[in-house]
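What follows is a short report on a single structure.
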Amino acid sequence: MNLAQFPRRGYVKEPTPIEYLPNFSKALGAGINIYMKRDDMLPGAGGGNKTRKLDFCVADALQKGCDTLITCGAVQSNHCRLTLAWAVHEGMDCHLVLEERVPGSYNPEASGNNFLYQLLGVKSITVVPKGTDMAAAMQGVADKLKASGRKPYVIPGGASNALGALGYVACMEEILAQMFAMGVNFDHMVVPSGSAGTHGGIIAGMIGNNGNIPVTGIGVNRPKAVQENAVLTVANQALELLGVEARVPADKVVAFDDYVGPGYSLPTDAMVEAVKMLAQTEAILLDPVYSGKAMSGLIDLARKGYFPKGANVLFLHTGGSPALFAYLPTFRK
Ligand SMILES: Cc1ncc(COP(=O)(O)O)c(C=O)c1O
């Protein structure tokens, strides 16, 4: 697929490593080999998956002559942190609209990503209640900025539009090339599934390249059918944008909702177990909202025999560890 037809800023300078996790594979005791794609090591303050998407979205903003980025997320949003970080890098302003998905959860004194919003010099934060029309709220901020002479560019939540998803089409191509170079064939991939652009981009990259590796998404928020539809939609939009004729068969999209627990961003015992297990077997930091819950899904599925014995399973580590510092009581229990 021709990704070179789209401008990008070159934030992803080299492939992120794929590492075999021998201690964790052994501790899991399911007779499978776990590998990890280390997108937590992507450039950008604190690392994580949004750098791949913003590489394309910020290039589009600059090409359109914009000088300000506006985006939205939850109160501890990694996407907001990384949009702000790349805005700083580009000499642009950045304004955030934060949705209190858990009522009362915005605390201006909170640590984690919230602390980094302040440290990185966010221009404004608008906090809105759960269920707010985020596109309209961001447009409201954009209209005010336009009236004061700025040129704002609105990036949707998670940069999960077709353009942003191209970052994960590129990631899938990177993984296929690394598999060849390593001489390892992955039998299965497990990915976190939130605003759907990461999972959707991976699926689009898989279908567009005839990769033929089953991908299991672990949802962190929405019910299974809603999430799978969101992933399918963005995957097909990415293929259309790329000018690829193929479309994703609906049965290629799986996004389990069994690991969400009481709700988005709310801790589960299984997430705590997963975060501690990776820290204490491989010294790898997951996060409480996305990669920790996704790994709790992988652990449970492995224990239930979902992956055949001897399988090589690749987990996509999408980052997020700065959010750990907003969850200290959860881990100190
Ligand atoms: C650390 C981390 N992992 C995974 C995701 C999910 O990615 P997506 O929103 O593209 O589905 C996010 C989204 O914010 C994230 O911050």
Side-chain angles (χ1 to χ4, degrees), residues 16 36-42 44-57 71-85 96 98-99 101 112-114 116 134 155-172 190-205 215-222 226-235 237-238 253 255-257 259-260 264-265 271 274-275 278 284-298 315-327:
T16 56
M36 186 179 271
K37 175 70 171 164
R38 297 294 307 269
D39 267 15
D40 57 317
M41 293 168 72
L42 281 165
N49 61 340
K50 297 309 177 317
T51 287
R52 288 193 191 270
K53 299 169 165 190
L54 292 165
D55 202 8
F56 288 90
C57 295
T71 198
C72 67
V75 298
Q76 283 287 340
S77 164
N78 300 298
H79 164 69
C80 286
R81 184 236 314 150
L82 278 166
T83 303
L84 169 58
L96 301 176
L98 301 182
E99 181 187 10
R101 291 184 196 164
N113 285 315
N114 177 73
L116 296 176
M134 299 305 280
I155 298 176
S160 281
N161 53 11
L163 191 62
L166 296 185
Y168 272 88
V169 173
C171 178
M172 193 60 239
V190 176
V191 302
S193 199
S195 61
T198 300
H199 189 178
I202 289 285
I203 293 282
V215 178
T216 294
I218 307 292
V220 297
N221 193 6
R222 297 181 276 208
V226 178
Q227 185 64 16
E228 288 175 347
N229 190 44
V231 172
L232 186 65
T233 301
V234 72
Q237 286 170 348
V253 180
F256 291 126
D257 59 6
Y259 307 100
V260 177
Y264 171 82
S265 80
M271 176 280 289
V275 171
L278 266 293
I284 289 173
L285 303 181
L286 299 174
D287 86 279
V289 182
Y290 297 95
S291 51
K293 281 192 179 169
M295 186 56 92
S296 78
L298 184 155
F315 178 81
L316 175 62
H317 186 348
T318 45
S321 64
L324 279 175
F325 302 99
Y327 282 76

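Start at 1 and go down the list; that is how both ligands and their atoms are numbered.
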Quiz item: Within the side chain of His317, is there an N or O that forms a donor-acceptor pair under 3.5 Å with the backbone of Leu285?
Solution: yes

Quiz item: Is the shortest N/O to N/O distance between Lys50 and ligand 1 below 3.5 Å?
Solution: yes

Quiz item: Can you check whether Ile155's main-chain N or O pairs, donor with acceptor, with Thr71's side chain at less than 3.5 Å?
Solution: yes

Practice problem: Provide the number and element of each atom of ligand 1 under 4.0 Å from a heavy atom of Thr198. | Solution: 7 (O), 8 (P), 10 (O)

Quiz item: In chain order, what residues pass the side-chain contact (heavy atoms from CB on, under 4.5 Å) check against Ala45, with sequence neighbours excluded?
Solution: Ala85, Leu120

Quiz item: What's the shortest distance from atom 5 (C) of ligand 1 to any protein heavy atom, and which residue and atom give it?
Solution: Tyr290 CD2, 3.3 Å

Quiz item: Counting only N and O atoms by type, is there a donor-acceptor contact under 3.5 Å from the side chain of Gln76 to the main-chain atoms of Asn113?
Solution: yes

Practice problem: Report yes if some heavy atom in the side chain of Cys57 is under 4.5 Å from a heavy atom in the side chain of Asn161; otherwise report no. | Solution: yes

Practice problem: Taking side-chain contact (heavy atoms from CB on, under 4.5 Å) as the test, write out the residues that go with Ala170, two or more places apart. | Solution: Leu3

Self-check item: Numbered atoms of ligand 1 (with element) below 4.0 Å of Gly320, judged on heavy atoms
Solution: 1 (C)

Quiz item: Taking atom NZ of Lys293 and atom OG of Ser193, what is their separation to the nearest 0.5 Å?
Solution: 13.5 Å

Quiz item: Does any N or O atom in Asn78 lie less than 3.5 angstrom from one in ligand 1, N or O only?
Solution: yes

Quiz item: Rounded to the nearest 0.5 Å, what separation is found between the CD atom of Glu228 and the CG atom of Asp257?
Solution: 8.5 Å

Exercise. Enumerate the atoms of ligand 1 whose separation from the nearest heavy atom of Gly319 is less than 4.0 angstrom.
Key: 1 (C)

Quiz item: What is the closest protein heavy atom to atom 11 (O) of ligand 1, and at what distance does it sit?
Solution: Gly194 N, 2.7 Å

Quiz item: Is it the side chain, the backbone, both or neither of Ser160 that has a heavy atom closer than 4.0 Å to ligand 1?
Solution: side chain

Practice problem: If you have a sec, work out which protein heavy atom is nearest atom 9 (O) of ligand 1 and how many Å separate them, to one decimal? | Solution: Ser195 OG, 2.5 Å

Exercise. Report the part of Asn49 in contact with ligand 1, treating N, CA, C, O as backbone and CB onward as side chain, heavy atoms under 4.0 Å; options are side chain, backbone, both, neither.
Key: side chain

Quiz item: Does an N or O from Lys53, backbone or side chain, lie closer than 3.5 Å to an N or O of ligand 1?
Solution: yes

Quiz item: What's the shortest distance from atom 3 (N) of ligand 1 to any protein heavy atom, and which residue and atom give it?
Solution: Thr318 OG1, 2.6 Å

